[in-house]
Amino acid sequence: MEQWLVLIVAMLAAGCAAGVLAGLFGIGGGIVIVPVLELILSFVGVDAAIRMHIAVATSLAVIVPTSLSSARAHHMQGAVDLGVVRQWWFFILAGSIFGAWLASQFHSRVLAAIFATLALLVGLKLMFVPERAGLTDGIPRNPLVKGIPTTIGALSAMMGIGGGTFSVMTLTLFNVPIHRAVGTASLLGLFIALPGAAAFVASGLSDPRLPAGSLGYVSMIGFACIAPTTVLCAPLGAKIAHAFAADKLKMLFGLFLAIAAVRMFWRAFA
């Protein structure tokens with residue numbers, strides 16, 4: 001009983017941190033939720049082969065309300081580009097469904113390695129590639145560009161994140177200002193999290209290794225602990241984001257991703 005109380009407190013704390021980071025960076029909080037949940041699941045003896053599946057799926061479920069809360073806060077600051085959302089939402093949604101299905105076919109160690117590699121690359125880009133290195137002066141209209149949001153959806157669903165990690169990087173490469181990129185990414189996360197979580201529920205329904213309180217690969221206990229705190233804390237993160245200078249916000253985001261990636265590499269190969 002004492003062990004479960006400690007774990008519930010840890011999940012509540014993770015939810016608070018994830019909510020602040022969701023509002024701060026437009027990332028949905030999954031970059032925090034996934035490694036914390038994976039660690040918690042290891043303490044309660046969940047099969048190592050499906051720990052990352054549960055962590056990723058639960059993170060996506062949590063990101064649904066978090067994205068709505070974060071996007072609303074950024075929209076009130078005028079930082080959500082609805083034009084980009086209208087162009088990209090369908091392709092991000094389709095990619096998310098495919099990515100969630102693909103992730104369900106992998107062992108947890110493979111998912112952890114993918115998570116760490118992509119997070120590290122994005123973090124290094126944000127810390128060391130200058131803003132002037134944008135590829136274009138705006139988002140291209142070429143039909144082939146639709147492959148970008150599709151890829152963002154697929155990779156984000158595989159990692160259990162809201163898409164901000166890749167959406168912010170991509171939008172800044174197209175010279176979208178960092179605050180507007182963060183705000184837009186917060187809404188795009190909804191089109192990753194909702195179909196991605198649904199796909200993980202469907203693919204995990206018949207898995208006999210699932211712990212109690214699971215709906216497919218989604219831990220309802222984790223969702224109940226983390227979702228309310230992320231929603232409550234996301235507006236605080238959005239408020240903090242608009243108090244930062246753009247270059248400092250990018251550096252802080254990149255450093256955070258690099259630290260999370262190193263930790264996940266250690267978990268994957270230890």
Please report the shortest heavy-atom distance between [X] and [Y], naming the atom on each side.
X      : Y      : result
Ala258 : Met127 : CB-CE, 3.9 Å
Ala61  : Val218 : CB-CG1, 3.9 Å
Pro195 : Leu93  : CG-CG, 3.8 Å
Cys225 : Leu12  : O-CD2, 3.1 Å
Ile221 : Ala212 : CD1-O, 4.1 Å
Ala157 : Phe200 : O-CE1, 3.8 Å

Are the side chains of [X] and [Y] in touch, meaning some heavy atoms are under 4.5 Å apart?
X      : Y      : value
Leu210 : Ile54  : yes
Leu120 : Phe265 : yes
Ile152 : Trp88  : yes
Leu190 : Val64  : yes

Check whether [X] and [Y] end up in the same hydrophobic cluster, where Ile, Leu, Val, Met, Phe, Trp and Tyr are linked by side-chain heavy atoms less than 4.5 Å apart.
X      : Y      : value
Leu121 : Leu255 : no
Val110 : Met52  : yes
Val56  : Ile97  : yes
Val20  : Met76  : no
Leu232 : Leu68  : no

Side-chain donor or acceptor of [X] paired with backbone N/O of [Y] under 3.5 Å:
X      : Y      : result
Thr229 : Ile226 : yes
Arg86  : Asp81  : no
Thr58  : Ser219 : yes
Ser203 : Trp101 : no
Thr170 : Ser167 : no
Thr230 : Ala227 : yes

Interatomic spacing from [atom1] in [X] to [atom2] in [Y] - rounded to 0.5 Å:
X      : Y      : atom1 : atom2 : result
Leu82  : Thr184 : CG    : OG1   : 8.0 Å
Ser96  : Leu155 : OG    : CG    : 11.0 Å
Phe223 : Leu37  : CZ    : CG    : 12.0 Å
Leu41  : Ile50  : CG    : CD1   : 8.5 Å

Going through the checks in order, is the side-chain contact (heavy atoms from CB on, under 4.5 Å) test met by Val85 and Phe191? CA-CA 10 Å; Val85 174; Phe191 300 104; 4.0 Å; yes
